[in-house]
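A quick write-up on the structure given underneath.
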2 protein chains.
Amino acid sequence: MSKSKTTITCPHDSESAITLDSCCTEALENHLPSDFFKALGDPNRIALVARLAVCGRPAKVSEIACCLPIDMSVVSRHLRQLKDAGILECEKQGKEVLYSVQYQSITKMLRGLADAIDECCPEQRRCVGTKKK
Amino acid sequence: MSKSKTTITCPHDSESAITLDSCCTEALENHLPSDFFKALGDPNRIALVARLAVCGRPAKVSEIACCLPIDMSVVSRHLRQLKDAGILECEKQGKEVLYSVQYQSITKMLRGLADAIDECCPEQRRCVGTKKK
DNA sequence: TGCTCATTTGCGTAATTGTGCAATTGTATT
DNA sequence: AATACAATTGCACAATTACGCAAATGAGCA
């Protein structure tokens, strides 16, 4: 943890300004890519990831699609979004495209975020209540 | 992990059906509440959480709102959504409402999910390639 | 009681997103 | 070359969501 610190004051209420540890903010926001969460924010995409995760092997789009009551074209778009978010990966094999879960990068991401939040937790740092007056 | 297992066959392609370990699916889906991710899927809400996290103390709505170029009523709604998702908590104090980050429940959730994904990771289980033939 | 301030809620609108269908692309097979 | 199949993309539409403004709620204070 560093000691660099910035205080951002509220224009209309400078006394109760939120104290921002800039270094910590960056560390946290690096771990908070909203595209990652947006990708997991849809029930159908959650279902796709869960099924693919327990499947344990690369699966083609058509077999993934048949588990859900939505069109395969929609599944294809969902899979692409999950891939762009770093949750899935895919490889072409002949006519087919095989999707699989990026286990390591997901768990690394989740644990990294958890650690970053722990770093910010008041109980774990000395820099609490540094209020500008 | 248990041994109960279910195979869901594709209607039009039963040979390449995705093998589903039902117990594992449930375990995973329990860790995948889409509302949690949906709440973190918006850049403004991410910013709110990050700022509140590094703030390290309960903060009132107006001071949280002044960090973002959006109306306070919108911030209020975002905060409520984050609270409903279990990411923030709030307490009334006179006229004001103080929001703070639920550090423990978030990190517990993230690490629980990471563990659940690890449980599904092919390298860590024996039940790979259980394909119906 | 009347007033002020902080927050929430109602409502209308613009933007985004999820979806299905049809057409297209790309790859193998005949 | 023609055909068949898997996956993607274009397009239109419905549903959801983010947003700002104004009004309402609620809690302290004169």
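Side chains included, hydrogens not; waters and symmetry mates left out as well; all remaining heavy atoms used. Here is how names work: the chains are called A, B, and so on, in the same order as the sequence lines, proteins then strands, and each is numbered from 1.
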Among residues 81-100 of chain A, which residues get a heavy atom nearer than 4.0 Å to DNA chain D?
A:K95, A:E96, A:V97, A:Y99
Are the charged groups of B:D115 and B:R111 less than 4.0 angstrom apart, N to O?
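Salt bridge: no.
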What is the distance, rounded to the nearest whole Å, between atom [atom1] of [X] and atom [atom2] of [N]?
| X | N | atom1 | atom2 | answer |
| --- | --- | --- | --- | --- |
| A:I46 | C:dG18 | CD1 | C1' | 15 Å |
| A:N44 | C:dT17 | CG | P | 16 Å |
| A:K60 | D:dT8 | NZ | C1' | 16 Å |
| A:I70 | C:dC21 | CD1 | C1' | 15 Å |
| A:M72 | D:dT8 | CE | P | 8 Å |
| A:L68 | C:dG20 | CG | C1' | 15 Å |
| A:L79 | D:dA6 | CG | C1' | 13 Å |
| B:R80 | D:dT17 | CZ | C1' | 16 Å |

Minimum side-chain heavy-atom gap [X]-[Y] below 4.5 Å:
| X | Y | answer |
| --- | --- | --- |
| A:H78 | A:N44 | yes |
| A:L40 | A:R45 | no |
| A:M72 | A:V61 | yes |
| B:L113 | B:F37 | yes |

Could you check whether B:V74 gets within reach of a base, just the sugar-phosphate, or nothing at all, counting any heavy atom under 4.0 Å?
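The answer is base, as B:V74 lies within the cut-off (heavy atoms under 4.0 Å) of a base atom.
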Can you tell me if A:Y99 uses its side chain to pair, donor with acceptor, with the backbone of A:L52 under 3.5 Å?
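Not a single qualifying donor-acceptor pair exists.
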Side-chain donor/acceptor of A:T107 to backbone N/O of A:Y103, under 3.5 Å:
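Checked: pair present.
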Partner residues of A:Q104 under the side chain to side chain donor-acceptor pair (under 3.5 Å) criterion, sequence neighbours left out
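So A:Q104 forms no side chain to side chain donor-acceptor pair (under 3.5 Å) with any residue.
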Show me the protein contacts with nucleotides 10-12 of chain D, counting only N or O atoms at under 3.5 Å.
| residue | atom | partner | partner atom | Å |
| --- | --- | --- | --- | --- |
| D:dG10 | O6 | A:R77 | NH2 | 3.0 |

Applying salt bridge (Lys or Arg N to Asp or Glu O under 4.0 Å) as the test, list every pair that has at least one member in residues 91-106 of chain A; sequence neighbours left out.
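Counting only pairs at least two positions apart or across chains, the salt bridge (Lys or Arg N to Asp or Glu O under 4.0 Å) contacts touching residues 91-106 of chain A are A:K60-A:E96.
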Can you list the residues that meet the salt bridge (charged side-chain N to carboxylate O under 4.0 Å, His left out) rule with B:D35, with sequence neighbours excluded?
none
Looking at every heavy atom in both B:P58 and B:S100, which two are closest together, and how far apart are they?
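Closest approach of B:P58 to B:S100: CA-CB, 3.9 Å.
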Short side-chain N/O contact from B:H78 to OP1 or OP2 of D:dT17, under 4.0 Å:
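No, because none of the side-chain N or O atoms of B:H78 sits under 4.0 Å from OP1 or OP2 of D:dT17.
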Given C:dT7, is OP1 or OP2 found less than 4.0 Å from the side-chain N or O atoms of B:S62?
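So the side-chain polar atoms of B:S62 do come within 4.0 Å of the phosphate oxygens OP1 or OP2 of C:dT7, strictly under.
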Residues of residues 35-43 of chain B with any non-hydrogen atom less than 4.0 angstrom from an atom of DNA chain C: list those, numerically ordered, please.
none
